[in-house]
Chemist: 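Once you've had a glance at the structure underneath, I'll fire off some questions.
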Amino acid sequence: MRSQSLELIFDRVGHFGRFQIVLYLICAFQNISCGIHYLASVFMTVSPYHTCRPPGNVSRVLFHNISSWRLEDIWILFFTGHEDRIVVQLQNGEVWELTSCHRFRRDEKSGLNSDYNGPKSSFPCVDGYVYDKSKWDSTVVTQWDLVCNREWFAKVIQPVFMLGVLLGAMIFGYLSDRKGRRLVLWSTSAGIFFFGIAAAFSFDYYSFMIARFLLAMSGSGYLVVVFVYVTEFIGMKARTWACIQMHSFFAIGTMVVALTGYFVRTWWIYQIVLSTVTIPFVLCCWILPETPFWLLSEGRYEEAQKVVDTIAKWNRASSCKLSELLSLDLNDPVGNEPLEVKKHNLLDLFCDWNVGTRTLTVWLIWFTGCLGFYFFSLNSVNLGGNEYLNLFLMGAVEIPAYIFMCLGIDRIGRRSILAFALISGALFCGVVMVIPKDYFIWTVVVTMAGKFAIGASFGLIYLYTAELYPTRVTGRGERQHGEPHGEHRGPVLRVPLQRLDLPATVACCDFGLHKRSAIADASRNHGEASGDDLGGGCQTGYRKRELRQIIFHNQ
């Protein structure tokens with residue numbers, strides 16, 4: 001079966017009709033939940049001001065030259081920039097000096113004053129810590145005292161999460177080709193909800209880390225498969241826009257994190273609220289059908305026909321007989337020849353000098369894009385001003401970035417837009433470094449501009465990677481790597497249904513330790529794959545017209 005036949009299905013039943021719109025919105029809604037969990041740690045792992053807890057009840061507190069009766073009332077003074085040494089007097093008369101990670105007892109009789117030059121005895125913070133609760137009632141850090149010599153436990157929360165992302169992309173990407181897209185969408189969505197709730201009710205730090213790790217695997221698995229799932233239901237007329245705008249829903253998830261963090265200040269309630277976003281998808285995901293292309297690749301023709309009939313009914317179009325489209329290929333002189341498909345592995349990304357060079361280039365772009373994306377997102381709370389507003393803006397600015405990228409890629413070309421976005425992002429990073437710390441408004445503005453640029457490149461690299469690599473299929477009609485497009489004659493690139501360029505795109509995504517694998521595989525199915533130059537995709541319109549001519553010529 002040739003890839004042209006796949007597009008003929010959409011010509012008959014509709015490229016983006018009512019059925020595809022409903023299915024797209026259902027799948028894209030779950031992307032919001034994925035965006036939520038990827039950035040939930042921004043507020044969940046906040047480390048507030050803290051000091052060692054004294055070994056007894058406090059009668060009076062002295063900070064600098066201001067006294068108080070309660071230790072909890074002293075935190076507002078930390079915003080003045082004074083040193084973090086607090087002097088307290090216990091009810092038994094002892095005077096202690098408290099710092100963030102140490103405490104000292106004055107050995108000689110002393111009043112409650114800051115001027116003391118006598119001997120002191122040092123003690124560890126075995127009684128715990130007192131935390132500033134002016135912003136957050138509790139966080140993961142305050143829950144398990146992840147400060148001082150345990151501070152590194154808090155710092156590995158996000159890296160361990162990203163490790164789960166990497167493994168989830170590899171495992172569920174493989175399972176989706178073996179067991180089907182729908183089953184993986186069901187299982188990963190259920191996992192996102194279950195492990196999200198489990199993280200909120202973790203009884204210790206290690207159970208929390210396990211729940212977050214499994215949550216990362218589930219979220220990553222969903223993001224890998226949903227891009228394939230959506231592209232296999234949408235025709236080429238709307239495929240590019242639809243796939244790229246899936247990122248916009250992920251950005252909405254970032255905005256939801258900011259709003260939830262503003263209203264909910266207890267970390268486990270905050271985690272439960274964020275996890276409930278998955279419930280609507282879990283309740284309705286059972287109505288999602290398996291993709292007809294995967295069913296055809298497995299030889300389940302009757303089930304595939306039922307799905308196509310359902311699409312046609314929803315779109316109020318006349319259905320088409322898949323047997324007729326299949327026989328069209330079988331009667332073709334070229335189609336009678338069996339296709340031998342070579343199975344690919346990671347080494348194929350370095351099969352020759354040209355492919356190896358572009359592989360290293362794309363890996364570098366992925367690494368740069370991932371690093372920049374998470375730098376701007378996770379560091380937004382440290383820019384100054386309102387951290388909730390900063391994170392909200394970091395998510396909101398991505399949406400126009402994706403629209404700008406969609407408008408530009410078919411007019412200017414993938415390579416030009418990607419190069420412009422990466423260079424702009426680098427320049428804005430440099431500008432942020434030289435802005436004085438007191439000018440936080442300018443820092444936020446420049447950071448938003450940088451997030452716009454890196455967001456545009458981050459969304460484009462999915463499509464760019466998938467279109468860049470040639471699909472190696474032996475047999476007549478194969479487009480050889482490096483063959484000039486103008487010299488090509490004969491059938492367009494022929495792609496078996498189960499081969500969706502998974503090795504190239506997943507390998508690039510995994511190298512970047514990114515949360516999702518961009519498998520814009522269906523671009524292979526409508527002849528947009530280039531494999532000709534590093535800016536593949538600039539001649540997309542010509543390829544589409546050539547494809548149409550070939551199809552109707554064969555008919």
Side-chain angles (χ1 to χ4, degrees), residues 1 3 6-7 9-10 13 15-16 19-31 33-34 165 168-193 217-236 238-239 242-243 246 249-250 278 281-311 314 322 462-463 466 495-506 509 515-526:
M1 181 176 178
S3 59
L6 308 182
E7 293 307 325
I9 297 176
F10 297 117
V13 302
H15 286 254
F16 198 62
F19 179 89
Q20 287 99 330
I21 292 174
V22 172
L23 180 141
Y24 179 80
L25 292 178
I26 292 174
C27 294
F29 181 84
Q30 181 69 339
N31 262 30
S33 182
C34 294
V165 167
M170 297 172 62
I171 294 172
F172 288 105
Y174 173 82
L175 290 177
S176 69
D177 281 342
R178 298 296 179 268
K179 303 299 181 181
R181 322 307 192 198
R182 183 175 60 171
L183 179 61
V184 173
L185 291 183
W186 288 358
S187 59
T188 54
S189 299
I192 290 173
F193 176 73
M217 291 186 62
S218 301
S220 176
Y222 177 85
L223 286 170
V224 166
V225 179
V226 75
F227 277 91
V228 180
Y229 186 81
V230 168
T231 54
E232 290 182 347
F233 272 108
I234 298 176
M236 67 179 182
R239 188 173 295 148
C243 292
M246 289 287 285
F249 290 87
F250 190 92
T278 305
F281 182 83
V282 172
L283 294 178
C284 66
C285 67
W286 61 271
I287 67 175
L288 298 177
E290 184 58 83
T291 67
F293 298 162
W294 186 85
L295 292 173
L296 288 173
S297 70
E298 296 295 311
R300 297 158 64 174
Y301 301 110
E302 293 183 0
E303 297 178 53
Q305 183 65 60
K306 291 181 181 179
V307 175
V308 172
D309 293 340
T310 302
I311 298 174
W314 274 67
L322 295 179
Y462 295 110
L463 180 66
V495 187
L497 292 174
Q498 64 270 26
R499 281 298 310 144
L500 295 180
D501 280 357
L502 193 62
T505 50
V506 171
C509 298
K515 57 190 178 303
R516 30 189 168 150
S517 286
I519 313 172
D521 321 273
S523 64
R524 293 287 185 230
N525 294 336
H526 57 72

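Being a predicted model, the structure only gives us computed values, none of them experimental. FYI, side chains are in, hydrogens and waters are out, and symmetry mates aren't considered; it's all heavy atoms of this structure.
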Chemist: When you measure from the side chain of Glu303 to the backbone N and O of Leu295, does any donor-acceptor pair fall under 3.5 Å?
Modeler: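 Between the backbone of Leu295 and the side chain of Glu303 there is no qualifying donor-acceptor contact (under 3.5 Å).
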
Chemist: Say whether, by atom type as modelled, one donor and one acceptor occur between the side chain of Glu290 and the main chain of Arg182 under 3.5 angstrom.
Modeler: yes

Chemist: Rounded to the nearest 0.5 Å, what's the gap from CZ on Phe293 to OG1 on Thr231? Could you check?
Modeler: 9.0 Å

Chemist: Stepwise, does the side chain to side chain contact (heavy atoms under 4.5 Å, CB included) test hold for Leu23 with Phe19?
Modeler: CA-CA 6 Å; Leu23 180 141; Phe19 179 89; 4.0 Å; yes

Chemist: Between Trp294 and Arg181, is there a donor-acceptor pair closer than 3.5 Å when you use the side chain of the first and the backbone of the second?
Modeler: no

Chemist: Test side chain to side chain contact (heavy atoms under 4.5 Å, CB included) on Ile26 and Cys284; report intermediate values, then the result.
Modeler: CA-CA 8 Å; Ile26 292 174; Cys284 66; 3.9 Å; yes

Chemist: Which residues pass the side-chain hydrogen bond (donor to acceptor under 3.5 Å, both in side chains) test with Gln305, sequence neighbours left out?
Modeler: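 side-chain hydrogen bond (donor to acceptor under 3.5 Å, both in side chains) check on Gln305 returns Asp309.
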
Chemist: Working note: Phe250 + Leu223, criterion side chain to side chain contact (heavy atoms under 4.5 Å, CB included); need CA distance, chi angles, decisive distance, verdict.
Modeler: CA-CA 10 Å; Phe250 190 92; Leu223 286 170; 4.2 Å; yes

Chemist: If I compare all heavy atoms of Met236 with all of His15, which pair ends up nearest, and what's the gap?
Modeler: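 Minimum heavy-atom contact is N-ND1, 3.3 Å.
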
Chemist: So, taking the atom named NZ in Lys179 and the one named CD in Glu298, what distance separates them when rounded to the nearest 0.5 Å?
Modeler: 9.5 Å

Chemist: Just by modelled atom types, is the Met217 backbone N or O under 3.5 Å from a matching donor or acceptor in the Ser220 side chain?
Modeler: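 A pair under 3.5 Å: no.
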
Chemist: Measure across Val226 and Cys27 and return the closest heavy-atom pair with its distance rounded to 0.1 Å.
Modeler: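 Minimum heavy-atom contact is CG2-CB, 3.6 Å.
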
Chemist: Measure the spacing between CG of Asp177 and OG of Ser297 and express it to the nearest 0.5 Å.
Modeler: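 If I round to the nearest 0.5 Å, the distance is 8.0 Å.
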
Chemist: Taking atom CD1 of Ile234 and atom CZ of Phe10, what is their separation to the nearest 0.5 Å?
Modeler: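 Between atom CD1 of Ile234 and atom CZ of Phe10 there are 8.0 Å.
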
Chemist: Strictly distance-based, threshold 3.5 Å: is any side-chain N or O of Glu232 a donor or acceptor partner for the main-chain N or O of Pro292?
Modeler: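 No; zero donor-acceptor contacts below 3.5 Å.
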
Chemist: To the nearest 0.5 Å, how far apart are OG in Ser176 and CG in Leu183?
Modeler: 10.5 Å

Chemist: Using the side-chain contact (heavy atoms from CB on, under 4.5 Å) criterion, which residues pair with Thr188? Sequence neighbours excluded.
Modeler: Phe172, Val184, Tyr222

Chemist: Is a donor on one side and an acceptor on the other found under 3.5 Å between the side chain of Asn31 and the backbone of Phe249?
Modeler: no

Chemist: Cys34 and Ile192: side chain to side chain contact (heavy atoms under 4.5 Å, CB included), yes or no, with the steps?
Modeler: CA-CA 8 Å; Cys34 294; Ile192 290 173; 4.0 Å; yes

Chemist: Could you state the interatomic distance from CZ (Phe16) to CZ (Phe233), rounded to the nearest 0.5 Å?
Modeler: 13.0 Å

Chemist: Minimum heavy-atom separation for Ser189 and Val282, please, with both atom names.
Modeler: O-CG2, 3.9 Å

Chemist: Counting distance only, does the side-chain N/O of Tyr24 pair as donor-acceptor with the main-chain N or O of Ala242 below 3.5 Å?
Modeler: yes

